[in-house]
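Treat the numbers as computed from the prediction; the structure is a model and nothing was measured.
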Amino acid sequence: MQQRAVVLLSGGLDSATVLAWAKSRNFAVYALSFDYGQRHRVELAAAHALANAAGVERHVTLKLDLRQFGGSALTDQIPVPKDRDMESVGGNPASNAIPITYVPARNTVFLSCALAWAEVLESFNICIGVNAVDYSGYPDCRPEYIAAFERTANLATRAGVQGSGTFTIHTPLIQLSKMEIIRLGLSLGVDYAQTVSCYDPTPESIACGHCDACYLRLAAFARLGIKDPVTYVSRPDGERP
């Protein structure tokens, strides 16, 4: 019997790659997206397009208004940082510097919802595109966090307590650089033109080219010698499309 998997699908580059990875592993994919009050809600249209293209079993977009809490440049009236130096943008696991684009406890909230749906589906597989190499310093993208949540999943669920299965949080990108993620995605047929990574896109869904997410993405495509297929208002070097 084909195993089911809940795949967290934001509409960004990483989650699109994880979606393709899950399909390549022959999982019956149930995609889960979140309308959580993010200023870059245009990513939800990308998630919908990616889910349709992949032929997932079902795609759910769950509404959670994290703007009620604020505390992040993605959910509050706080400017998104632009044009940071690449060393800062890439993140340093040894540093305690956490950028203002961190959304408090976001991955814990998202994984908890994914876990609830997985229980209903009688699935023991949850896939998420967290990354601990080319990331922005988010504490909920680290391997130790994922390991801790996986233990919690198996402690705090009926399925875990009754022993009917063991939950696994799949993180196929966690030790890959952004360049390696793109290379993997291309090998799996990901159309990155459908993805949205920018933290502060225009109302017309055009990427700014200067936030951390744009920097990491553009730098990775440049290292591969490939032009990023999405449109930018301008690029960090001043080039305009």
Side-chain angles (χ1 to χ4, degrees), residues 6-16 18-19 30-52 58-84 88-89 91 96-118 120 126-131 135-142 145-146 148-149 152-153 156 169 194-217 230-233:
V6 175
V7 176
L8 294 176
L9 182 63
S10 70
L13 183 152
D14 294 341
S15 71
V18 170
L19 174 63
Y30 292 76
L32 180 59
S33 304
F34 294 90
D35 181 355
Y36 62 94
Q38 65 270 48
R39 66 195 304 163
H40 54 308
R41 290 184 71 255
V42 295
E43 68 179 4
L44 295 173
H48 181 73
L50 289 164
N52 281 345
R58 187 181 175 197
H59 179 211
V60 170
T61 299
L62 196 59
K63 191 170 182 62
L64 299 170
D65 191 3
L66 296 184
R67 290 175 301 179
Q68 295 294 320
F69 303 150
S72 167
L74 301 190
T75 58
D76 210 337
Q77 298 302 310
I78 301 170
V80 171
K82 302 286 181 72
D83 297 318
R84 296 206 299 154
S88 297
V89 171
N96 289 323
I98 299 173
I100 196 61
T101 49
Y102 164 69
V103 179
R106 181 176 62 178
N107 282 345
T108 302
V109 172
F110 289 0
L111 282 171
S112 296
C113 293
L115 177 61
W117 195 19
V120 172
I126 298 172
C127 306
I128 183 172
V130 293
N131 176 258
Y135 77 134
S136 295
Y138 301 151
D140 52 2
C141 288
R142 298 173 298 162
Y145 163 73
I146 295 298
F149 188 91
T152 299
I169 311 298
Q194 291 188 311
T195 63
V196 175
S197 299
C198 182
Y199 288 152
D200 193 24
T202 70
E204 295 77 27
S205 305
I206 300 174
C208 74
H210 296 268
C211 68
D212 290 3
C214 286
Y215 262 41
L216 288 170
R217 177 177 175 133
V230 306
T231 301
Y232 290 84
V233 174

Are any of the side-chain nitrogens in Asp140 or Arg106 under 4.0 Å away from the carboxylate oxygens of its partner? no
Asp76/Arg67 salt bridge by N-O under 4.0 Å criterion: no
Under the ring-ring contact (aromatic ring centres under 6.0 Å, His included) test, which residues partner Tyr36, sequence neighbours left out? Phe110
Are [X] and [Y] close enough that some pair of their side-chain heavy atoms sits under 4.5 Å apart?
| X | Y | answer |
| --- | --- | --- |
| Ile98 | Pro139 | yes |
| Lys82 | Asp212 | no |
| Ile146 | Asn107 | no |
| Ile100 | Pro81 | yes |
| Cys208 | Tyr232 | no |
| Thr101 | Tyr138 | yes |
| Cys141 | Asn131 | no |
| Val233 | Thr202 | yes |

Within the distance-only criterion (no hydrogens, no angle test), does the side chain of Tyr145 pair as donor or acceptor with the backbone N or O of Thr108 below 3.5 angstrom? yes
Partner of Phe34 by side chain to side chain contact (heavy atoms under 4.5 Å, CB included), out of Val60, Leu8, Val109: Leu8
Check each of Leu44, Leu66, Val103 against Gln38 using the side chain to side chain contact (heavy atoms under 4.5 Å, CB included) test, and report the only one that passes. Leu44
Please determine whether the number of non-hydrogen atoms from other residues, nucleotides or ligands lying under 6.0 Å from atom NE2 of His59 exceeds 12. yes
Over 60° means perpendicular and under 30° means parallel, so tell me whether His40 and Tyr199 are parallel, tilted or perpendicular. perpendicular
